[in-house]
Amino acid sequence: HVVEPEKIEKWTDEHEWDEFSEVGKAMKADYVVGIELEEFSLYQGQTIFQGRAQVHVTVHDMANDGKTVYEKRLDRIVYPPQGGVATSDKTEEQFRREFTAVVAERIGRCFYPFDHRDDYAMDSRTLD
């Protein structure tokens, strides 16, 4: 079972916390997946969108006092990888949604098998 995001958001808004394990304890979770966005930007200059993110993923085992049982710092995510998208072609909201989906997919890859060839032709995805 996954704890409802609204419940987590409410608790984190109302409490001071420093460690993901504190949230896990409050939610009575078995495991906590911690996602830290160390970098997140949408622009390459003022008129070009090119998303950049640096992400650190951890998993904490709450049955073992919140011990970190998995940790990975993802390679820097750049989207689209070979250039940008003119701000006149898409709204910031559209581009943010696309880039956030790319970041989420990369985070998900920590937990399931995937085909490395999926990243080829990543630039063409921005043309939709």
Side-chain angles (χ1 to χ4, degrees):
H1 295 92
V2 176
V3 177
E4 299 84 19
E6 296 82 16
K7 184 176 178 181
I8 297 168
E9 185 176 342
K10 183 178 186 316
W11 188 90
T12 57
D13 284 348
E14 295 173 354
H15 296 84
E16 292 287 325
W17 61 280
D18 294 316
E19 303 292 329
F20 289 112
S21 58
E22 294 174 59
V23 180
K25 185 175 182 179
M27 298 294 114
K28 298 182 171 108
D30 295 325
Y31 293 93
V32 175
V33 177
I35 300 169
E36 296 178 80
L37 290 175
E38 297 172 344
E39 174 190 2
F40 187 89
S41 64
L42 298 176
Y43 289 90
Q44 177 193 48
Q46 293 183 356
T47 60
I48 301 291
F49 290 122
Q50 185 179 44
R52 296 178 187 279
Q54 187 67 53
V55 182
H56 184 217
V57 178
T58 53
V59 177
H60 306 270
D61 182 354
M62 298 310 300
N64 196 3
D65 291 327
K67 179 182 178 191
T68 302
V69 294
Y70 176 84
E71 182 172 9
K72 182 170 186 174
R73 181 166 272 107
L74 303 181
D75 292 336
R76 188 175 204 207
I77 302 166
V78 178
Y79 173 79
Q82 301 301 321
V85 176
T87 56
S88 59
D89 292 345
K90 290 190 180 210
T91 66
E92 181 177 314
E93 181 180 330
Q94 289 170 319
F95 185 76
R96 178 184 299 275
R97 196 172 320 124
E98 281 181 24
F99 181 51
T100 301
V102 169
V103 172
E105 182 180 331
R106 295 286 173 84
I107 292 167
R109 289 178 181 181
C110 294
F111 304 103
Y112 59 81
F114 64 95
D115 188 343
H116 292 276
R117 294 175 293 186
D118 289 346
D119 288 341
Y120 294 120
M122 180 68 78
D123 286 304
S124 66
R125 289 175 61 174
T126 62
L127 301 176
D128 297 338

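A distance of 10.5 Å separates CD in Glu14 from CD in Glu9, rounded to the nearest 0.5 Å. Atom OG1 of Thr87 sits about 12.0 Å away from atom CG of Leu42, to the nearest 0.5 Å. Note that CZ of Arg106 is 10.5 Å distant from NZ of Lys72, once rounded to the nearest 0.5 Å. Between the CD atom of Glu22 and the NE2 atom of His15 there is a distance of 10.5 Å, given to the nearest 0.5 Å.
Between Tyr79 and Val103, the closest side-chain pair of non-hydrogen atoms is not below 4.5 Å.
The hydrophobic cluster containing Trp17, built from Ile/Leu/Val/Met/Phe/Trp/Tyr side-chain heavy atoms closer than 4.5 Å, also comprises Val3, Ile8, Trp11, Phe20, Val23, Met27, Val32, Met62.
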Please report, to 0.1 Å, the donor-acceptor pairs under 3.5 Å made by any side chain of residues 47-54, with sequence neighbours excluded.
from, atom 1, to, atom 2, distance (Å)
Gln50, OE1, Gln44, NE2, 3.2
Gln50, OE1, Arg52, NH2, 2.8
Gln50, NE2, Pro80, O, 2.8
Gln50, NE2, Gly83, O, 2.9
Gln54, NE2, Leu74, O, 2.5

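By the side-chain contact (heavy atoms from CB on, under 4.5 Å) test, Asp89 is found to be paired with Val85, Ala86, residues two or more places apart in sequence or in another chain being considered. Under the rule for a ring pair (Phe, Tyr, Trp, His ring centres under 6.0 Å), the partners of Phe99 that lie at least two apart in sequence or sit in another chain are Phe40. Applying the salt bridge (charged side-chain N to carboxylate O under 4.0 Å, His left out) rule to Glu6 yields no partners; only residues at least two apart in sequence or on another chain are considered.
Every pair passing side chain to side chain donor-acceptor pair (under 3.5 Å) that includes a residue from residues 30-40 is listed here, sequence neighbours excluded: Glu36-His56, Glu38-Arg73, Glu39-Arg76.
Panel note: side chain Asp65, backbone Lys67; no donor-acceptor pair is recorded below 3.5 Å.
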